[in-house]
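Heavy-atom basis, side chains included; hydrogens, waters and symmetry copies ignored. Numbered from 1 within each chain, the chains take letters A, B, ... in sequence-line order.
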Amino acid sequence: MTLTLAEVEHIAQLARLHLSEEEKIRFREQLSAILDYAARLQQVDTRDIPPTSSVLPPRSRLREDEPRPALPQQVILANAPFPYQGYFRVPPVLE
Amino acid sequence: MPYETVIGLEVHAELQTRSKMFCACPVVDSTRAEPNTAVCPVCAGMPGTLPVVNRKAVELALRVALALECEIAPLSLFARKNYFYPDLPKGYQISQYEYPLAQRGVLRIETARGEKTVRIRRVHLEEDTGKLIHMQDPDGQSFSLVDLNRAGVPLLEIVSEPDMHSLEEVRAYATTLRAILRRVGANSGDMEKGVIRFEANVSLRPSGSQTLGTRVEIKNLNSFRAMERAIAYEIERQTDLLQNGQAVQQETLGWDEAAQVTVSQRSKEEAHDYRYFPEPDLPPLVIEPEWIEQVRANLPELPQAMKKRFIHNYGLSAGEAVLLSEEEAVARYFEACLEQAGDSIAPRTIALWITGEIFGWLNQSGEKFENLRVPPAGLVDLLRLTAKGIINLNTAKLVLNEMLASGKPAHAIIEERGLIQLDDAGQIADIVAKVLAEFPREVASYHQGKTTVFNWLLGQVMRQTAGRASPAVARAELERQLAGSKGN
Ligand SMILES: [Zn+2]
């Protein structure tokens with residue numbers, strides 16, 4: 001199964017990646033190979049077998065509702081390229 | 001061609017926990033707290049951190065799901081919903097997708113045509129996003145600010161089937177659901193703080209048709225008013241389109257509060273490819289049957305059950321019962337009054353004084369029921385004085401208004417202002433005679449057949465006594481004297 005270039009562009013857009021023309025062609029091949037492998041798995045008959053959604057034992061480890069102190073504001077903002085009056089400043093988001 | 005509207009509602013309700021859904025950060029009032037002061041590496045989406053589920057959030061979700069008569073899944077899964085938006089630091093929201101916590105419930109609503117059942121499709125747990133503020137530089141450059149205090153606050157999504165067909169039903173559904181959320185302690189119901197948000201899907205189909213028309217989704221409806229207006233606008237817009245032979249586009253819309261119109265959000269449409277997959281960092285959520293039974297056993301009496309009990313036991317109308325059962329504080333007040341009154345005052349009388357006079361005063365004064373200055377015993381005292389004829393009905397209303405405003409007990413107000421009912425027949429007879437002497441022309445026109453003058457004359461008598469005269473005695477005396485004066 002070979003992906004179209006348009007599909008590669010769509011996936012890149014969802015991942016917010018800018019790909020060069022050369023990269024699009026290369027990733028098209030690589031992604032297609034992955035899909036081929038998945039297609040082989042699809043051939044296994046899994047009727048009546050519940051999907052494995054986790055390899056952890058199905059036992060809930062829940063936390064009691066006890067708040068603990070959060071990090072200081074300046075620590076949270078320490079890696080922000082553009083802190084602004086206690087906020088992260090980012091390019092405009094159009095609603 | 002007449003069309004039928006089909007509406008389904010998604011309700012997002014923050015759960016009232018002290019800490020967040022997957023980390024121990026405190027939940028703060030995000031409308032008031034300093035930005036980014038309730039954030040840790042987990043809810044900031046730092047690499048290498050791991051989520052741990054808050055037990056209380058699950059418990060509150062179970063309370064809501066059981067109140068909605070849902071089936072609880074013994075095992076449900078968290079899933080990643082992937083999209084990029086600056087208010088979502090991880091690049092995905094932890095939600096539930098194919099295997100939600102609860103499914104197939106019902107919500108019973110009161111409509112003008114009686115009780116109606118709206119089916120609940122699913123109830124699932126997820127986390128809230130941060131908040132964005134849109135700004136502009138002095139030089140006109142736009143930018144956005146991100147506050148992550150709300151990121152990771154537990155959120156419950158409640159999805160109805162498209163079972164509603166009018167604004168009235170949507171309104172009843174939303175208010176009934178809000179009342180349930182509050183009653184089970186899951187949510188404060190404080191709409192101004194954005195703790196309940198709506199999304200509506202709206203479609204039209206020819207009346208009588210069973211297939212669904214093309215639907216639109218309206219997102220980000222943050223108040224009852226915005227929700228109602230947006231849906232009303234959509235119904236009108238789609239009706240116009242269909243009547244002009246045009247098709248409705250399936251799309252996601254936003255509500256522009258300033259312009260009062262729905263607007264297309266094509267950019268979000270593109271992002272609808274959420275690529276859900278099971279959250280690898282969380283084990284399946286296992287709910288033991290014992291936990292379900294324990295939560296069920298601890299559910300309070302729900303507003304609907306209470307409403308039915310009020311109708312059945314106290315003879316209230318459905319409307320009165322809804323008004324008295326929706327808010328826990330009101331219901332408790334009503335029942336405390338009943339207890340105080342014993343057999344001395346009919347339950348319905350008490351109900352009418354609360355829903356009429358007290359609610360009216362609250363509306364006018366803008367005060368909150370929680371701050372009411374008249375205790376149940378105070379209202380019952382007043383009603384007893386009225387029942388015994390110590391004061392008349394109109395005086396009682398005046399006294400109650402003053403009680404509500406000042407917090408003084410009824411008897412103090414009645415004594416201070418000399419409001420005790422005047423039922424001395426002799427005294428009233430004198431006043432009636434005086435009024436008839438003062439208004440001979442009105443008396444004449446009464447005798448000429450203009451019987452409406454009677455009430456005007458009665459009003460004069462009441463005025464002469466500052467409203468204190470027993471209306472029954474005054475009426476009888478006026479009738480007697482008018483009959484006597486005929487032909488003079
Ligand atoms: Zn946190």
Side-chain angles (χ1 to χ4, degrees), chain A residues 3-4 6-19 31 34-35 38 41-42 46 49-95, chain B residues 17-20 22-27 34-41 43-44 52-59 75 77 79 82-87 98-99 132-135 141-149 220 254 265 267 270-271 273 275 278-280 282-288:
Chain A
L3 285 172
T4 64
E7 283 167 331
V8 173
E9 281 162 5
H10 176 66
I11 293 163
Q13 158 70 15
L14 289 174
R16 297 292 187 278
L17 294 174
H18 293 287
L19 301 183
L31 290 169
I34 293 169
L35 286 179
L41 293 178
Q42 295 280 27
T46 57
I49 299 174
T52 303
S53 50
S54 172
V55 294
L56 300 170
R59 197 179 57 207
S60 292
R61 300 248 176 209
L62 304 179
R63 205 187 77 243
E64 292 309 316
D65 185 27
E66 290 296 335
R68 286 206 301 265
L71 289 183
Q73 191 189 54
Q74 64 269 28
V75 174
I76 277 299
L77 294 170
N79 292 328
F82 307 107
Y84 181 96
Q85 295 177 5
Y87 292 91
F88 297 90
R89 180 179 161 149
V90 297
V93 179
L94 300 174
E95 286 284 273
Chain B
T17 54
R18 297 170 62 216
S19 65
K20 290 188 178 178
F22 299 115
C23 62
C25 280
V27 172
E34 276 291 301
N36 297 305
T37 51
V39 188
C40 74
C43 55
V52 187
V53 174
N54 183 336
R55 176 189 300 277
K56 182 71 190 268
V58 179
E59 171 141 356
L75 192 145
L77 295 180
N82 300 280
Y83 66 94
F84 286 109
Y85 216 62
D87 61 9
E98 280 177 289
Y99 301 93
L132 288 174
I133 305 173
H134 306 291
M135 305 278 286
Q141 178 121 43
S142 294
F143 59 98
S144 297
L145 296 177
V146 187
D147 172 13
L148 296 180
N149 281 346
N220 302 328
Q265 290 189 321
S267 58
E270 164 78 4
D273 194 347
R275 295 151 291 141
E279 167 57 80
L282 285 168
L285 180 61
V286 177
I287 311 290
E288 308 284 353

- Query: Does any heavy atom of chain B fall under 4.5 Å from the side chain of A:Gln74, the backbone, both, or neither of them?
  - Reply: neither

- Message: Looking at A:Val93, is its backbone amide N or carbonyl O close enough to the side chain of B:Ser144 to form a donor-acceptor pair, meaning the two atoms are under 3.5 Å apart?
- Response: yes

- Query: Can you tell me how far the CG atom of B:Asn54 sits from the CZ atom of A:Arg63, to the nearest 0.5 Å?
  - Reply: 4.5 Å

- Message: Tell me if a side-chain donor or acceptor on A:Glu66 pairs with a main-chain N or O of B:Ala24 at a distance below 3.5 Å.
- Response: no

- Message: So for B:Ile287, is it side chain, backbone, both, or neither that comes closer than 4.5 Å to the heavy atoms of chain A?
- Response: neither

- Does A:Asp65 reach the side chain of B:Glu59, with side-chain heavy atoms less than 4.5 Å apart? no

- Interatomic distance, OG1@B:Thr37 vs CD1@A:Ile76, rounded to 0.5 Å, equals 10.0 Å

- Query: What are the two closest heavy atoms between A:Gly86 and B:Asn36, and how far apart are they?
  - Reply: O-ND2, 2.7 Å

- Are the side chains of A:Pro92 and B:Gln141 in touch, meaning some heavy atoms are under 4.5 Å apart? no

- Message: Taking side chain as everything from C-beta outward and backbone as N, CA, C, O, which of these in B:Cys23 sits under 4.5 Å from a heavy atom of chain A? Side chain, backbone, both or neither.
- Response: backbone

- Message: Does any backbone or side-chain atom of A:Arg68 lie under 4.5 Å from a heavy atom of chain B? Answer side chain, backbone, both or neither.
- Response: both

- Pick one of side chain, backbone, both or neither for B:Pro26, based on which atoms fall under 4.5 Å of a heavy atom in chain A. both

- Task: With a 4.5 angstrom heavy-atom cut-off, could you sort out which part of B:Leu145 is near chain A: side chain, backbone, both or neither?
- Result: both

- Note on the structure: Turns out that what part of B:Tyr99 lies under 4.5 Å from chain A's heavy atoms comes down to side chain

- Task: Would you please indicate if the ring centroids of A:Phe82 and B:Phe143 are separated by under 6.0 Å?
- Result: no

- What residues, two or more places apart in sequence or in another chain, satisfy side-chain hydrogen bond (donor to acceptor under 3.5 Å, both in side chains) together with B:Glu34? none

- Query: Got a second to check how far B:Cys40's SG is from A:Leu71's CG, nearest 0.5 Å?
  - Reply: 6.5 Å

